[in-house]
Structures are given as structure tokens and as C-alpha cells.
J.: 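Structure below; questions to follow.
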Amino acid sequence: MDWVYLIEVLVGGLMSGVMYSLVAIGFVLIYKSSGIFNFAQGTMLLFASLTFVKMTENGIDFWTSLFIAAGIMVIFGIATERYVIRPLANQDLLALFMATVGLATFQEGFSQFVWDSDVHGLQMSKFLDIGLLDPAPIFMSDHIPWLDILIPKFDIFASLVAGSLIVVLAFFFQKTKTGLSLRAVSDDHMAAMAVGIPLQTVWAVVWAVTGVIALVAGLLWAERVSVSFTLIEAVMKALPVILIGGLTSIPGAIVGGLVIGVGEKLGEIYLADVFGGQGIELWFAYFMALIFLIFRPQGMFGEKLIERV
Amino acid sequence: MSKSLLKVNNIEVVYNHVILALRGVTLDVEEGKVVSLLGANGSGKTTTLKACSNLLHAERGAITKGSIEYNENDISKTDAYNLVKDGVVQVLEGRHCFSHLTVEENIMTGSFIRENPKEAKQDLERVYDHFERIRIRKKSLAGFTSGGEQQMIAMGRALMSRPKLILLDEPSMGLAPQLVEEIFAIVKNLNKEGVSFLIAEQNAMVALKYADDGYIIENGRVILKGKAKELLERPDVKEMYLGVGAEGKTSFRDIKYYHRRKPSFS
Ligand SMILES: Nc1ncnc2c1ncn2[C@@H]1O[C@H](COP(=O)(O)OP(=O)(O)OP(=O)(O)O)[C@@H](O)[C@H]1O
Ligand SMILES: [Mg+2]
């Protein structure tokens with residue numbers, strides 16, 4: 001067995017896994033706060049990165065574009081809470097889900113209307129090269145000397161960004177007052193209201209944070225799949241992640257992403273012969289999710305249903 | 001006569017635009033008092049409490065007539081968040097603890113509306129002093145605690161907002177008689193510290209024993225009101241709500257329960 005190669009594969013898998021995790025966390029946050037599956041997650045990624053790309057294409061510099069795009073996503077999230085979620089608050093979950101379907105359609109159309117429907121190449125690595133991180137730290141070179149393995153430096157950069165955002169989010173939602181409020185709301189809406197937790201504020205924070213996550217995830221993903229409607233499909237990769245990790249668990253989204261990332265790569269390499277040929281990466285995640293669903297329907301970290309008699 | 005803290009003026013409540021649950025309920029909680037609201041299943045106790053704490057809309061209910069005043073201000077349009085801030089907090093029927101949060105996290109959520117987080121630490125001690133039983137369980141998940149402990153968690157959580165008025169919905173539900181007495185004794189202690197209570201109960205015996213005033217509600221209407229002591233003495237109340245002369249029976253619902261427990265009761 002070629003150990004160096006295996007390590008390369010594992011590291012590569014973990015790095016794409018982190019990116020899956022990031023997208024999955026967006027789903028989990030919204031599901032936890034209001035019990036809905038946010039169909040608009042993919043278009044949020046597209047809209048966010050398109051906004052950014054358009055600004056840089058018009059000569060606005062990297063950081064300014066980033067902050068403006070983040071600002072727009074925050075405003076967008078707050079508006080979504082105010083005008084879509086809040087009016088539907090006590091309605092059927094199906095109504096809420098359909099509202100996010102509508103939101104997705106709106107965003108898709110709106111993106112095309114305001115921007116355009118061209119395919120934009122967004123090489124974030126370009127920004128690395130023009131000195132976004134200058135000088136680039138030693139470990140950010142394609143060749144890692146002391147392990148003697150080859151890893152594209154953008155992948156390292158992307159997984160570091162995604163990883164640190166995840167750490168910050170995990171801390172935020174585990175330890176802070178807002179985080180505890182979110183978990184309380186997720187457990188019992190009525191009780192949360194009764195103790196004076198402002199549901200609407202929690203929702204607004206969650207949508208705003210999800211918008212910013214969508215921006216970061218969108219930019220990192222765009223490197224691989226270009227800023228176009230294919231970006232929405234990239235989000236579909238997060239579905240098996242939440243099936244494995246559980247819709248209500250942030251740690252689950254993290255671990256689920258890593259499991260899928262690594263599993264996919266290992267499958268591609270070691271199972272290609274068994275299943276005949278290439279392309280395992282396309283469906284292997286779903287296959288893993290299916291196995292999980294059979295044996296552990298609530299997901300790896302899905303909330304244990306606490307029931308007492 | 002002391003100052004009125006909460007005044008419910010002839011309110012009518014409708015669920016889903018059609019189900020008339022309250023048909024004119026009027027009641028009064030004076031400052032510093034414990035008031036019990038008694039009635040059978042479905043008589044409208046919970047609805048009355050939720051009208052006061054403005055939680056009705058979450059169940060598609062609405063006040064269609066009448067008004068509710070707290071400290072002489074109309075609060076029928078004030079949202080739950082601001083009500084808690086102003087000192088009115090409800091402890092829901094069935095406790096509704098956050099089952100995946102620890103006991104201490106549960107209690108802390110009650111302090112989130114407060115501006116000064118430093119005070120929360122002292123208040124946490126106050127809660128544990130009142131509810132010694134849950135102090136030792138503070139690290140456990142609330143979902144794994146007993147019914148009595150959950151009642152204490154829910155009450156402790158409400159206490160963290162430093163309320164002036166607690167709307168307490170069926171604290172005795174499903175608890176052994178001893179534990180019910182323990183809970184009501186704590187209510188009395190909190191009352192001595194200046195917290196007023198409006199308690200919805202089916203367990204009329206205990207509820208009247210610890211209350212100053214009582215209201216009896218039937219089919220969405222108040223049919224009887226008075227001093228708790230006087231209500232306890234009335235023959236019709238004794239017959240209807242305290243069980244026909246038989247000592248120890250406290251409400252219809254509990255009759256079976258007490259039968260089972262009789263040996264330890266005599
Ligand atoms: N969410 C709801 N939707 C429709 N009707 C409701 C709802 N909640 C209560 N009701 C109706 O309103 C009436 C009063 O119910 P409420 O829950 O206030 O009674 P209660 O006195 O608290 O009863 P219990 O002792 O069983 O808790 C009942 O007839 C009930 O069926
Ligand atoms: Mg009730």
C-alpha cells in the first residue's frame with residue numbers, strides 16, 4: 001500500500017468534507033430554529049457569490065466586495081425573516097417549506113434579473129496569488145515538504161477558511177446566549193416564547209448567519225464549479241451530509257461532511273474496480289446516506305428523542 | 001383593599017376563528033396575593049392564562065372582546081417578550097422544559113431578557129435555594145429528570161426573569177401529594193418575597209388551601225368567586241370540587257389516583 005498516496009487521499013477527502021459541512025450547517029441552523037427544510041439554500045449560495053463576482057468584475061477590490069456582499073446577505077436574511085417567515089409563523093410546516101421553494105425561485109430569477117445568467121469563472125486562487133495572503137504561509141504551497149505530498153494550495157486555504165468559520169459557529173451556537181436561545185427554540189417554541197426568548201430575533205440572526213455562510217461557501221465552491229447555476233447542484237451534496245449527521249445537529253453536520261468527503265474519495269479510489277469505472281464520487285455519498293438511513297434513521301447525531309413515561 | 005396588579009375584564013377568546021373558549025371572564029389579582037383559578041377539564045383555565053401572557057396567537061387563538069390590564073396598562077396587545085420584561089411570566093401546563101438542554105441551561109434561559117447578565121448568577125443561587133432538589137441535578141439533561149423536578153425547573157426558569165406575577169398552570173399535574181404540597185409551599189415562600197400568583201388548578205383542595213382568593217370557571221365563564229377560605233367552606237364547592245364529603249379526595253380527576261394511594265393516606 002502506498003501510504004503517501006493514502007494520506008493525500010485522506011487529506012483531500014477531509015478538505016472537501018469541510019466544505020460539505022459548511023453548506024450542511026446552513027441547513028441545520030434553519031431547520032433547528034424553525035423546523036423547516038430550507039429549499040432556498042442553493043440559490044442563496046448562487047446569489048451571494050454572484051453579487052461578489054459582479055462587484056469584483058466592476059473593479060471593486062476584494063475586501064470591499066466581500067463586505068458589501070456579506071452586508072447584502074445579512075439584510076436579505078433579516079428581510080426573509082420579516083416578510084416570509086414571520087407572517088407564516090403559526091402555519092403548517094408545508095406552507096413554510098413551500099415559502100422557501102418560492103424564495104428559491106425568486107432568488108434565482110432575481111439573480112438573473114439584477115446580474116445575468118452567464119457563467120462566471122471565479123478563481124479565488126487568483127486572489128491568493130495577487131497577494132491576498134502575502135507572503136503565503138509556508139504550508140500553503142502545493143507541495144508539502146515534510147510529508148512529501150501534493151495538495152493544491154487553494155484547497156488548503158479553502159478548508160482552513162471553512163474550518164475556522166465552522167469552529168466560530170460551533171462556539172457561537174453552543175456557548176453564547178443567542179446560541180442557547182436557538183437550541184431552546186429548537187426544543188420547544190411555546191416554552192421559549194413563555195420565558196421571553198424573542199423568536200423573531202432568533203430567526204433573524206439565523207437567517208442572517210446562514211446568508212453569510214452561503215457567501216463564504218459559495219465563494220469557496222465557485223473555485224471548483226464556477227459561479228453559475230451548477231452551484232445550486234453543489235449544494236445537493238450537502239443533503240447526504242445532513243441525512244448522515246442529523247438535521248438538528250451542528251456537530252453532526254461537521255462529522256457528516258468529513259465522513260462523506262473522505263468516504264467519497266476512498267470509494268473513488270478503492271472501489272472503482274468493484275463497481276466498474278469512474279464516477280463513484282457522483283453517487284457514493286447518496287449510497288452512504290442510504291446505508292445510514294437504514295440503520296440509524298435519525299442520523300449519527302440526530303437528537304435522541306427523549307421520552308419519559 | 002390593596003392595589004390591583006392584573007385585571008381581566010370580561011374577555012372572550014376564540015380559537016381558529018370559530019371555537020369560543022372563553023365567554024366573558026373577569027378576574028382580579030391584587031398585588032402580593034395568590035389567586036387560584038379552578039375548574040374541570042376544558043373549562044378555560046389555560047386559555048385565560050395564555051390570554052394574560054399573550055401566548056394565544058401561537059395556538060391560533062385571539063381575544064375578541066374585553067381587555068386585560070397589568071399595573072393599569074392595557075396589555076392585550078403587548079407581546080410575550082415585553083410582558084416577561086415587565087414582570088409577567090407563565091409556567092406552562094405540562095412544564096415544557098427544554099429537554100435537550102441541561103437543567104442549569106434551562107434555568108438560565110429565563111434570564112435572557114434581563115439586561116444585566118451579572119445579576120443572573122445571584123438569581124441562579126436564589127432559584128437553587130428555593131428548589132434544592134434540582135441543584136444536584138444541574139448538569140443533567142432536563143429531559144431525563146422526574147416530573148417533580150421538571151416542575152421545579154420550569155418554575156425556576158420563570159423566576160429568573162424576576163417576575164412580579166407568575167401565571168402558574170396546573171403545577172400539581174401528575175405529582176404525588178407530598179410533592180404537590182412541596183411545590184405549593186415554595187409558591188408560598190415566593191409569595192412572601194413579593195411575587196403574586198395566578199394559579200390554574202384542578203386540584204381545588206390544595207389550590208384553595210394556599211390561595212388568598214379563588215375563582216371557579218366552567219364552560220368559559222366564572223361561576224363563583226370569593227376568598228379562598230370562604231370557598232373552602234361552601235357546601236356546593238365542597239360537593240362539586242372537593243369530592244362529596246370524602247376527606248382526601250380533591251378533584252374528580254384525582255379520585256382514582258387517591259384510591260390507589262389510600263393506605264399511605266390514612
Ligand atoms: N389550541 C386550541 N384550539 C382549539 N380549541 C382549543 C385550543 N385550546 C383549547 N381549546 C378549547 O378551549 C376550551 C378551553 O380549554 P383550556 O385548555 O383553556 O381548558 P383548561 O381549563 O385549561 O383544561 P385542562 O384542565 O384540561 O387543562 C376547551 O373547550 C378546548 O377544547
Ligand atoms: Mg389547562
Side-chain angles (χ1 to χ4, degrees), chain A residues 28 31-35 81-82 85-93 95-96 173-205 246-252 298-299 301-309, chain B residues 16 49-50 53-61 79-102 104-114 117 120 141-147 149-150 153-154 156-161 163 166-167 169:
Chain A
V28 170
Y31 186 81
K32 265 177 103 72
S33 68
S34 36
E81 186 280 318
R82 181 67 193 81
I85 305 301
R86 200 186 295 184
L88 290 174
N90 300 309
Q91 306 296 319
D92 272 3
L93 282 181
L96 273 164
F173 284 106
Q174 210 59 33
K175 294 286 174 219
T176 64
K177 197 164 121 176
T178 316
L180 207 53
S181 300
L182 172 77
R183 289 192 290 138
V185 168
S186 152
D187 250 17
D188 193 324
H189 271 206
M190 184 58 97
M193 277 193 291
V195 294
I197 291 174
L199 283 191
Q200 294 157 352
T201 312
V202 173
W203 287 334
V205 168
L247 252 176
T248 50
S249 167
I250 292 175
Q298 76 272 41
F301 292 76
E303 279 178 346
K304 292 187 258 347
L305 291 175
I306 297 182
E307 270 173 44
R308 279 192 62 104
V309 272
Chain B
N16 275 322
L49 261 49
K50 282 191 172 166
S53 56
N54 207 343
L55 294 174
L56 278 179
H57 61 93
E59 310 222 17
R60 306 221 231 158
D79 60 25
Y81 168 80
N82 282 301
L83 280 173
V84 177
K85 253 189 146 150
D86 290 348
V88 185
V89 67
Q90 178 160 0
V91 178
L92 296 165
E93 178 180 332
R95 290 99 204 198
H96 285 259
C97 294
F98 304 119
S99 42
H100 298 95
L101 268 56
T102 65
E104 187 149 307
E105 283 172 335
N106 261 273
I107 298 171
M108 288 308 289
T109 58
S111 70
F112 287 174
I113 51 120
R114 299 259 304 283
L141 286 187
F144 291 127
T145 57
S146 73
E149 286 162 346
Q150 292 192 3
I153 296 166
R157 186 172 68 181
L159 209 53
M160 291 298 283
S161 60
I166 295 182
L167 308 164
D169 200 350

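In what follows, chains carry the letters A, B, and so on, assigned in the order in which the sequence lines appear, proteins first and then strands, with residues in each chain numbered from 1.
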J.: Only pairs of heavy atoms separated by less than 4.5 Å count here; which of B:I113, B:N82, B:L101 has the most with chain A?
T.: B:L101
J.: For A:Y31, which residues count as a side-chain hydrogen bond (donor to acceptor under 3.5 Å, both in side chains) partner, sequence neighbours excluded?
T.: none
J.: Check whether B:K85 gets within reach of chain A through its side chain, its backbone, both or neither, counting any heavy atom under 4.5 Å.
T.: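 It is neither, since no heavy atom gets under 4.5 Å.
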J.: Checking the side chain of A:R86 only, and the main-chain atoms of A:W203 only, is there a donor and an acceptor separated by less than 3.5 Å?
T.: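 Not at all, since once roles are kept as given, no pair shorter than 3.5 Å links the two residues.
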J.: Counting only non-hydrogen atoms closer than 4.5 Å, does B:L92 touch chain A with its backbone (N, CA, C, O), its side chain (CB onward), both, or neither?
T.: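 Just the side chain, heavy atoms under 4.5 Å.
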J.: Go through the atoms of B:T109 and report whether side chain, backbone, both or neither lie under 4.5 Å from a heavy atom of chain A.
T.: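 For B:T109, heavy atoms of backbone and side chain both lie under 4.5 Å from chain A.
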J.: Backbone N or O of B:S99 within a donor-acceptor pair of the A:D187 side chain at under 3.5 Å?
T.: yes
J.: Within the distance-only criterion (no hydrogens, no angle test), does the side chain of A:S181 pair as donor or acceptor with the backbone N or O of A:K177 below 3.5 angstrom?
T.: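 Checked: pair present.
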J.: Count the heavy-atom pairs under 4.5 Å between each of B:Q90, B:E105, B:R157, B:M108 and chain A, then report the option with the highest count.
T.: B:E105
J.: Under the rule for side-chain hydrogen bond (donor to acceptor under 3.5 Å, both in side chains), what residues qualify as partners of A:R82, not counting sequence neighbours?
T.: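 None.
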